[in-house]
**Student:** 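Mind having a look at this structure? Questions to follow.
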2 protein chains.
Amino acid sequence: MAKELNISVSTVSRALNNHTSISESTRKRVWQLAKEVNYQPNHLAAALRKGRSNLLGVMVPHIEGHFFSSVMHGIETVASKSGFNIMICQSNENVANERKNIESLMNAQVEGILVSLARNTHDFKHFDKVDNLAIPLVFFDRVLEGLNVSSVIIDDYLGAYQAVTHLIEQGCQRIAHFAGPQHLNIYKNRHRGYLDALRAHGLPLDEQLVYTCDMRTEDGTEGMEKLLALDVPPDAVFSSSDFSIVGAMQVLKARQIRVPQDIALVGFSNETFTSLTEPRLTSVDQRCEQMGQSAVKLFLEMLEDRSGSFSPRRIVLQPELLVRESSLRT
Amino acid sequence: MAKELNISVSTVSRALNNHTSISESTRKRVWQLAKEVNYQPNHLAAALRKGRSNLLGVMVPHIEGHFFSSVMHGIETVASKSGFNIMICQSNENVANERKNIESLMNAQVEGILVSLARNTHDFKHFDKVDNLAIPLVFFDRVLEGLNVSSVIIDDYLGAYQAVTHLIEQGCQRIAHFAGPQHLNIYKNRHRGYLDALRAHGLPLDEQLVYTCDMRTEDGTEGMEKLLALDVPPDAVFSSSDFSIVGAMQVLKARQIRVPQDIALVGFSNETFTSLTEPRLTSVDQRCEQMGQSAVKLFLEMLEDRSGSFSPRRIVLQPELLVRESSLRT
DNA sequence: TAGGTTTATGCAAACGTTTGTCTTTTTAGT
DNA sequence: ACTAAAAAGACAAACGTTTGCATAAACCTA
């Protein structure tokens, strides 16, 4: 520390923090010296003393891939703007890791934790500690239903509803659906949105048109083939995932079935490649980045409100239907 | 702290660390109590005292997107395995942010820093501090040439060379190249690989076949149209980016030119969508994940070797050519 | 039982800040 | 010039650990 060189102790601290009760002259001198000796403030020590680490913990199932990396981008951006450093962990879709990571984040004295749950996480036990210590906790995207905790999600139901409504408006009458695993909320809600949109517009529901699968590309091809084998094939497909819809598109091209004239297609997630297919794929954007931003903002609010027990808030983002050529029957 | 409840002080510390000179009985008692009171060790305090934060700083231009998020995945995986928490920053391709982030990471007392540089970073000044404090510094992917510092990159030259050689082996004789901005090393090296592969196989170099652009999809379509307008169009295109090659593919499809029979295509990066196009795109995989892992391993080595000034190492990963239908003229 | 080990624990300093309080110096008001 | 008030700075405690050293208890061995 630069103390000895000058003549002072804690004055240095105040000087560096531009405290009011330090004369301009010494303030200058301290800063000056700081530059010269390449003074490195020790954030750890400050954090320890102040009880504020300026650390925000984030845990996701995995970082790679379009969705989570975009959310992370949003998180980092607004967090750093508020002076927070972010620490990241991956659960690798594994509850045990989730437990360990929470432990680790708590030890690091993070001031808050943003979490997107692993697939097979069904209880809240390992978050009790966080709760007990009143550390702001915000779930995003993968949340636990019916839990009184802050969270930010997108309205999957609405996204699906809009997508299907759009198809109906384009004149489609027989709309199929690729549904994901129904024990996952996101897929369940998209399915509901699909059903309700049909109902709202007086279209009949044909169970044959709903193909439930794991949403991979090859599931999409298989699903499409099944649909084409029906007595009366659909004139549109709404998929809960972009991956499976692209599989469907491949089948249609191979069979020379025109998109969107013969069959219109809409996916979900607005993956990078949806703008690269031919025709480009209509898809529902999940506002990844905004989700990250909202999560951090929610965390910041909770931090403010620390004293009076903050009543958990639930932010529901509006998805955006991005209409592209795969569903535009102009 | 749990001290008062029992009868001890620093014994608790040793007990929790399973220090040898603590009786089994008290060790048990301490752990027991720790569970009961939900004791949270304060990593900050320990870090301060020990001078070891167990923090690893990572700075990338941006997190979202295929490449960096995959590298991050690799980094996080092996770092956490070694007990390191990782702190991430984004420079947003901006040198000023880069400076700020380095500062921030240093303050946080990270034990090492992994960096992928912003596009417009051309000097090393803001890393001097890191160097002076002998904090392990590892560059990955975006590095500064001719600098005596540890780094891990992939052999772009080799990747391009392999790709072009593959095309030649498939019988292509007139191979075009979409080249990226030549002031960026990665693109320059890929260009060199292209040139050398042609030369090595006795093919003539036609300047008309090299289209330099920004590598976006639309650049690819434009480039492809230019190439098709030539008196003698190419029979293959090797692009330094998957995005531009997909643009080219769109043009070819629209014109009913067959891929790969009439024109074969090879891209670079193995983006997610390369397996989703029709036909699927041959591409050069950049070993993103391995790059992250290697960077961390290098950091760990440097940490070991702290005392004896570690002589910087440079790891060059071998890219992998993934041959798919866009270039397979069976 | 004294002397010597071993084993188990306590003491206190230290890590680098921040901050409440107390002291000194300066300024100003009459 | 004397006092009150304001300004600038110093002291020391505190944050929660770790760790070298000292101490106390227990166990041997002769």
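Keep in mind that what you see is a predicted model, and the values were worked out from it rather than measured. Residue numbering restarts at 1 for every chain, and letters A, B, ... go by the order of the sequence lines.
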**Student:** Which part of the nucleic acid, if any, lies within reach of A:Gln40 when heavy atoms closer than 4.0 Å are counted: base, sugar-phosphate only, or nothing?
**Tutor:** sugar-phosphate
**Student:** Rounding to an integer number of Å, can you tell me how far B:Lys50 NZ sits from C:dG16 P?
**Tutor:** 16 Å
**Student:** Once side-chain contact (heavy atoms from CB on, under 4.5 Å) is applied, do any residues pair with B:Arg29, and if so which ones, sequence neighbours excluded?
**Tutor:** B:Asn6, B:Thr26
**Student:** Calculate the interatomic distance between B:His19 atom NE2 and D:dC21 atom P; express it in whole Å.
**Tutor:** 13 Å
**Student:** I'd like to know if A:Arg142 and A:Glu93 make a salt bridge, using a cut-off of under 4.0 Å between side-chain N and carboxylate O.
**Tutor:** yes
**Student:** Does either side chain, that of B:Glu64 or that of B:Ser69, offer a donor lying less than 3.5 Å from an acceptor on the other one?
**Tutor:** no
**Student:** Side chain of A:Tyr39 only, heavy atoms from C-beta on: which candidate in C:dT17, D:dA10, C:dT9 is closest?
**Tutor:** C:dT17
**Student:** Evaluate the side-chain proximity of B:Glu111 to B:Asn54: yes if any heavy-atom separation is below 4.5 Å, no if none is.
**Tutor:** yes
**Student:** Between the side chains of B:Ser104 and A:Asn85, does any donor sit under 3.5 Å from an acceptor?
**Tutor:** yes
**Student:** Say whether B:His126 and B:Glu98, considering side chains only, have a donor N or O and an acceptor N or O under 3.5 Å apart.
**Tutor:** yes
**Student:** Quick check: on DNA chain C, is the nucleotide nearest B:Ser25 upstream (toward 5') of the one nearest A:Pro41, or the reverse? Name the residue that is more 5'.
**Tutor:** B:Ser25
**Student:** With hydrogens left out and only the distance checked, is there a donor-acceptor pair under 3.5 Å joining A:Arg49's side chain and the base of C:dT18?
**Tutor:**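 Yes, a donor-acceptor pair under 3.5 Å.
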**Student:** Can you tell me how far P of C:dA8 sits from CZ of B:Arg29, to the nearest Å?
**Tutor:**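 Atom-to-atom, B:Arg29 to C:dA8, this comes out as 13 Å.
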**Student:** Mind calculating the distance between CG (B:Asn17) and C1' (D:dG16) to the nearest angstrom?
**Tutor:**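 The answer, rounded to whole Å, is 13 Å.
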**Student:** With sequence neighbours excluded, tell me which residues meet salt bridge (charged side-chain N to carboxylate O under 4.0 Å, His left out) with A:Glu103.
**Tutor:**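 Once residues adjacent in sequence are excluded, the partners of A:Glu103 under the salt bridge (charged side-chain N to carboxylate O under 4.0 Å, His left out) criterion are A:Lys129.
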**Student:** What is the distance from CZ of A:Arg27 to P of D:dA7, rounded to the nearest Å?
**Tutor:** 17 Å
**Student:** For the pair made of CZ in A:Arg52 and C1' in C:dG16, what is the distance, rounded to whole Å?
**Tutor:** 18 Å
**Student:** With the side chain of B:Ser13 defined as its heavy atoms from C-beta on, choose the nearest nucleotide among D:dG16, D:dT18, C:dT9.
**Tutor:** D:dT18
**Student:** Polar pairs (N or O, both sides) under 3.5 Å between protein and nucleotides 20-28 of chain C?
**Tutor:**
unit_1 : atom_1 : unit_2  : atom_2 : d
C:dG20 : O6     : A:Arg14 : NH2    : 2.3

**Student:** Looking at every strand, decide which applies to B:Ser21 at a 4.0 Å heavy-atom threshold: base, sugar-phosphate, or nothing.
**Tutor:**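 Contact class for B:Ser21: base.
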**Student:** Would you kindly give the CG-to-P distance between A:Asn42 and C:dA14, to the nearest whole Å?
**Tutor:**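 After rounding, the gap between these two atoms is 17 Å.
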**Student:** Grab the CG-P distance between A:Leu48 and C:dG16 for me, whole Å please.
**Tutor:** 12 Å
